[in-house]
Amino acid sequence: MPHQKKGNTLVKASLTPGIGTTKRIVVDRDRTIGFMGEEGRVYATPELLRDIEQTCRDFLLEHLDADEDTVGARVELDHTAPTLAGMWVEIAVTVADVQGRSVVLEITARDPLDTICKARHGRFVVGVAKTVERLKAKAAKAAALA
């Protein structure tokens, strides 16, 4: 796929503001809170965030080279309505901005009855091998502190 100049870095030309995807998931028991008892089981905010991050990452991978991935860098999330266990949720993701290797996505999530979430999520495109090397260097420094 052709690349285009974005800031100081080349990214695939297909990664542009306005493109997006939608993913539907079912809120299973593992995605719910349990602290209000069985009748109070609803989609947990941390699980919603995890589903949003995974949807964004999976979508962005379609627009990256094989040796690239993305990491989360920022999240703004308003979880505005409960979703019951067993209901489906659609997570709609749209690229809002691309600056160099930084990608900002806008997210709306809804269940069959309500819009349950509005969010913005920043991800950063990384080279996998270079990232692994940085992590190894940090692990070595951490081991030296122990």
Side-chain angles (χ1 to χ4, degrees), residues 1-36 41-111 114-146:
M1 168 134 337
H3 290 73
Q4 63 182 353
K5 188 80 168 168
K6 288 283 188 181
N8 300 344
T9 308
L10 291 174
V11 296
K12 287 189 177 180
S14 65
L15 186 55
T16 59
I19 65 170
T21 191
T22 301
K23 180 179 180 180
R24 184 178 281 199
I25 59 114
V26 174
V27 178
D28 57 22
R29 183 179 178 83
D30 289 342
R31 286 183 164 90
T32 64
I33 61 168
F35 57 81
M36 293 194 306
R41 282 201 175 272
V42 293
Y43 200 10
T45 303
E47 296 299 323
L48 170 60
L49 175 56
R50 185 176 58 135
D51 290 336
I52 286 170
E53 277 208 278
Q54 191 65 55
T55 301
C56 291
R57 179 180 172 261
D58 290 346
F59 171 65
L60 291 174
L61 284 173
E62 298 171 16
H63 301 277
L64 302 178
D65 290 331
D67 61 343
E68 295 177 316
D69 207 322
T70 63
V71 294
R74 181 171 172 77
V75 176
E76 300 172 47
L77 184 143
D78 293 314
H79 192 172
T80 56
T83 301
L84 305 173
M87 294 177 88
W88 57 260
V89 169
E90 282 186 350
I91 299 171
V93 173
T94 304
V95 174
D97 192 32
V98 179
Q99 295 293 323
R101 291 188 166 268
S102 176
V103 181
V104 177
L105 304 115
E106 293 182 348
I107 299 99
T108 301
R110 67 178 188 87
D111 65 24
D114 296 302
T115 297
I116 66 159
C117 172
K118 294 279 188 181
R120 272 176 79 83
H121 180 37
R123 296 192 69 78
F124 197 78
V125 178
V126 297
V128 173
K130 189 174 183 178
T131 300
V132 168
E133 287 305 311
R134 278 198 298 265
L135 295 174
K136 286 179 182 178
K138 186 168 185 171
K141 287 179 184 178
L145 295 175

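Each residue takes its place number in the sequence, starting with 1. Hydrogens, waters and symmetry mates are skipped; everything else that's a heavy atom, side chains included, is used.
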Would you say the side chain of L15 lies within less than 4.5 Å of the side chain of L60, judging by non-hydrogen atoms?
yes

Pairwise distance CD1(I107) to OG1(T55) - rounded to 0.5 angstrom
9.0 Å

T131 side, atom OG1; D67 side, atom CG - distance, nearest 0.5 Å:
10.5 Å

Provide the closest heavy-atom pair for T32 versus A85 in the form atom of the first, atom of the second, distance.
CG2-CB, 3.8 Å

Show which side-chain atoms of residues 132-139 pair as donor or acceptor with protein atoms under 3.5 Å away, not counting sequence neighbours.
none

Quick one: pull up CE in M87 and OH in Y43 and give me the separation to the nearest 0.5 Å.
12.5 Å

Contact summary for T115 and T80, nearest pair of heavy atoms:
O-OG1, 3.4 Å

Once side chain to side chain donor-acceptor pair (under 3.5 Å) is applied, do any residues pair with T22, and if so which ones, sequence neighbours excluded?
none

To the nearest 0.5 Å, what is the distance between CG (D58) and OG1 (T21)?
9.0 Å

Test of understanding: with side chain to side chain donor-acceptor pair (under 3.5 Å), list the residues that count as partners of D114, not counting sequence neighbours.
none

Identify the heavy atoms of F59 and V93 that sit nearest to each other, and give their distance.
CD2-CG1, 4.5 Å

So how far is it from I19 CD1 to H63 NE2, rounded to the nearest 0.5 Å?
3.5 Å

Only pairs under 3.5 Å count here: list side-chain donor-acceptor contacts from residues 118-130, not counting sequence neighbours, and write none if there are none.
unit_1	atom_1	unit_2	atom_2	d
K118	NZ	T108	OG1	3.4
R120	NH1	E106	OE2	2.7
H121	ND1	R74	O	2.9
H121	NE2	E53	OE2	3.4
H121	NE2	R123	NH1	3.0
R123	NE	T70	OG1	2.8
R123	NH1	E53	OE2	3.1
R123	NH2	T70	O	3.0
R123	NH2	T70	OG1	3.2

So CD1 of I116 and NE2 of H79: to nearest 0.5 Å the spacing works out to 4.5 Å

Side-chain touch I52/C117, heavy atoms, less than 4.5 angstrom:
yes

Residues that R31 engages under salt bridge (Lys or Arg N to Asp or Glu O under 4.0 Å), provided they are two or more places apart:
D28, D51

Before you tell me yes or no, could you show the steps for L84 and V42 under side-chain contact (heavy atoms from CB on, under 4.5 Å), namely the whole-Å CA-CA distance, both residues' side-chain angles and the distance that decides it to 0.1 Å?
CA-CA 5 Å; L84 305 173; V42 293; 4.1 Å; yes

For P82 and D111 the tightest heavy-atom approach is O-OD2, 3.4 Å

Under 3.5 Å, side chain of E68 to main-chain N/O of D65, donor-acceptor pair present?
yes

Listing request: all salt bridge (Lys or Arg N to Asp or Glu O under 4.0 Å) pairs with a residue in residues 79-90, at least two apart in sequence or in separate chains.
R24-E90, E90-R110

Compare every heavy atom of D97 with every heavy atom of P17, then report the nearest pair and how far apart it is.
CG-CA, 4.2 Å

